Amino acid sequence: MGDTQNLGTSPDEVQFRFRDDEPVDHAAVTVDSVLDQTNAAAVRIEPGDDARLLLPFLDRLALVEVNFPVFGDGRGYSAARILREAGYTGELRAVGAVLIDLLSHMRRCGFDSFAPDKRLDEEDAARAFATWANVYQRAADRRATIADKRHEA
Amino acid sequence: MYRYDSYDQAMVDARVAEFRDQARRRLEGKLTEDQFKPLRLTNGLYLQLHAYMLRVAIPYGTLDSRQMAMLATIADKYDRGYGHFTTRQNIQYNWIKLEDCADALADLATVEMHAIQTSGNCIRNISSDHFAGAAADEVVDPRPYAELMRQWSSFHPEFTYLPRKFKIAVIASEKDRAAMRLHDIGVRIVKRDGEVGAQFYAGGGMGRTPMVAPLIRDFVPIDQFITYAEACLRVYNRYGRRDNKYKARIKILVHELGAAEYIRQVEEEFAHLLSVGVEPPREELARIAEYFALPPFRHPSESWDLEQLQSKVAGDPSFRWDDGFGQWVRQNTHPHKAPGYVSAVISLKPAGGIPGDATSDQMRVVARLAKEYSFDELRVMHTQNLLLPHVRIADLPAVWAALDAAGLGSANMDTIEDIIACPGLDYCSLANARSIPLAQRISERFAQSGRTELVGELKLKISGCINACGHHHAGHIGILGVDKKGKENFQLSLGGSEAEDVSLAKITGPGFDEDGVIAAVETVTEVYLASRTEGERFLDTYRRIGMEPFKEALYG
């Protein structure tokens, strides 16, 4: 487990969590390491990683961290949705440059925990999570869309 | 046309509230300018040379009189009494104050308008054929499909931080009046064996590396339309380059992978997304389409055809059939699907004027005419003109008289006076050269010499830098302003087209100074006039005789 030291965030660094289970409390490994070994339950995805490589291992993963080194790199949103679309039900944690105005989009893409590298104002964040009373697209949060509601029987 | 229901209105209202909150946090120092920038950009707010610029979305270029009147109000209340209509069917205000912006957006929201995603690295306003819903040659009205895409792309959670901006155009006829294949995605709605579907092109664009989009799928069943678009975007979001903003558009991805490999990846993602189920319910398209039902046209016996029009007014000298009203009818009207009707182009290109600019008073005149004569409907054209889509031929004399009195009666659609020009160095912080004064001088020169009509269809497009906002690559004649050792210099190119016969223009040779390039445009039109055969447009002659005769006359 050569590259596991200090990789990933600890439960203490998680500011918002929308799950009731106990968080994984050991370090994450890289995507490459998951492919090489069979016992890691936590993994960290970098923007250039292909989230689909993890699909054969979803059953034993309890935590997937998706790193946003810069807020303008949106590849992590696709990674998150791909994992949820494949049936991943474990914790999906956004880490790094997680800003107030990204929270509602991240939540829709399936993230259910957030470890911003700078703590966010709680009030601003609460408002941000509640930005959209309704949504236009089908996404990983499986909310009924505006179009669904328009055509409810 | 489409009207918001309570859901659409709530989305726009929520966005105004969100922006107000963002502006507050910026002022309180909770957001750095770096962090605020993408947020204000997705609300259409740019920082330009002298002030903030606000770009307001006009989805697929369609609006009504109430909305146009509000655009006039915004111009008076928050700007300097005018606005600038753009090549993507939007409007820009050049002198907005940051502290007024949320109020301006709130005013716009009262008439179902917004500035959402008119900038930033997201899916931009969906553009369309300006004759949509009126053109005699369309398969269906493309706007319901564009509206479906507008809703899908608004606040899309996965595609708000794409590698780069993303522009989509939707058309529905063989003729291309929206530069469809010069968009990141171009869609043509088609009918096969009575079934409606979508033809997809991807990877077109202008900018510093112009490319014509290849066909990536000939037919997507219409009930899989959004799913296919989502697949195209996901492949781009995951694999588009992020190391260099000049290589980040989808055209570079499609080019570097090759169209076949991009198609393979999209098809794989498409198959997967079909199994996930992201398509809106089928009834939604039907619901939207009802808003675009044909207006209640009057029976042809209650109007005239164009021959009757001529016989009624040609004898009346106040209409100046040869060089006034009649010329405008010949030049600025377009065949309509309903007998007795035409679409009438309102030129925003008066000789010597600024292409695309309209004063608030002019906007109000146009709004009134739309209400009175065009079933309360207006369009913004990608050529930076306005359009009354449904005008009874018998009403044309009244329409023209009102336009003429407001300085909006120029009869120059698709002529050398109908110049597309970017804001250039007069406004834009990216520009290397001024575009507007050049456009003004060229249109004035041709109007004065009386050669405009003789030269006929000739699309001249001017960009003030290589970002190509003035579409110079797609001009029959294109002009690109560059900086040459601190002086403005203009490169001339020939042979571009944004239409169904799409092509990219080629540079003639060394550039010119401002006077030189105006003379060069005249030289090029003289070569054309001397070489053309019966019925040939400038572009046809260029394609037949090639670059050499033009080069010879310019540099020989």
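The figures here come from the full heavy-atom set of this structure, side chains too, leaving out hydrogens, waters and symmetry mates. It should be emphasised that the depicted structure is a prediction, and the values quoted were computed from it without experimental measurement. Every chain is numbered from 1 and lettered A, B, ... according to where its sequence line falls, protein lines coming before strand lines.
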| Heavy-atom proximity to chain A below 4.5 Å, by part of B:R24 | side chain

| So which part of A:D50 gets closer than 4.5 Å to some heavy atom of chain B, the side chain, the backbone, both or neither? | both

| Lys/Arg N to Asp/Glu carboxylate O, A:R52 vs B:E268, below 4.0 Å | no

| Most contacts with chain B, counted as non-hydrogen pairs under 4.5 angstrom, among A:L102, A:I146, A:L99, A:D101 | A:D101

| field | Gap between atom CG of B:D21 and atom CD1 of A:I100 - 0.5 Å precision | value | 8.5 Å

| Taking atom NZ of B:K37 as the centre, does the number of heavy atoms from other residues, nucleotides or ligands within less than 6.0 Å exceed 12? | no

| field | Proximity breakdown for B:V278 and chain A, heavy-atom pairs closer than 4.5 Å | value | both

| request: May I ask you to name which of A:R150, A:R138, A:E85 has the most heavy-atom pairs under 4.5 Å with chain B? | output: A:R150

| Do you know which of A:D148, A:D73, A:D121 has the most heavy-atom pairs with chain B at a distance under 4.5 angstrom? | A:D73

| Inter-chain contacts: residues 243-258 of chain B against chain A, heavy atoms under 4.5 Å | none

| query | Counting only heavy atoms not in B:R282, do more than 12 sit closer than 6.0 Å to its CZ atom? | reply | no

| query | Using a cut-off of under 4.5 Å for heavy-atom pairs, which of B:Q35, B:E18, B:Q22, B:R25 has the most such pairs with chain A? | reply | B:R25

| field | chain B neighbours within residues 105-118 of chain A, where any heavy atom lies under 4.5 Å away | value | A:H105, A:R108, A:C109

| Any A:T145 side-chain heavy atom under 4.5 Å of B:E284 side chain | no

| task | Look up atom CZ in A:R75 and atom OH in B:Y239, then write down how far apart they are to the nearest 0.5 Å. | result | 10.0 Å

| request: For B:E99, look at atom CD and say whether over 12 heavy atoms of other residues, nucleotides or ligands are found less than 6.0 Å away. | output: yes

| message | So for B:I226, is it side chain, backbone, both, or neither that comes closer than 4.5 Å to the heavy atoms of chain A? | response | neither

| field | Segment of B:P38 engaging chain A (4.5 angstrom heavy-atom cut-off) | value | side chain

| query | Checking heavy atoms, do the side chain of B:L31, its backbone, both or neither come under 4.5 Å from chain A? | reply | side chain

| Contact listing (chain B partner; residues 76-84 of chain A; heavy atom under 4.5 Å) | A:Y77, A:S78, A:R81, A:I82

| query | Relative to chain A, which segment of B:T160 carries a heavy atom at a distance below 4.5 Å: side chain, backbone, both, or neither? | reply | side chain

| So, A:K149 and B:D5, do they make that salt bridge, N to O below 4.0 Å? | no

| Contacting region of B:E230 [heavy-atom separation from chain A under 4.5 Å] | side chain

| message | With a 4.0 Å cut-off on N to O distance, would you call B:R238 and A:D49 a salt bridge? | response | no

| Proximity of residues 130-137 of chain A to chain B, residues having a non-hydrogen atom under 4.5 angstrom | A:T131, A:W132, A:N134, A:V135, A:Y136, A:Q137

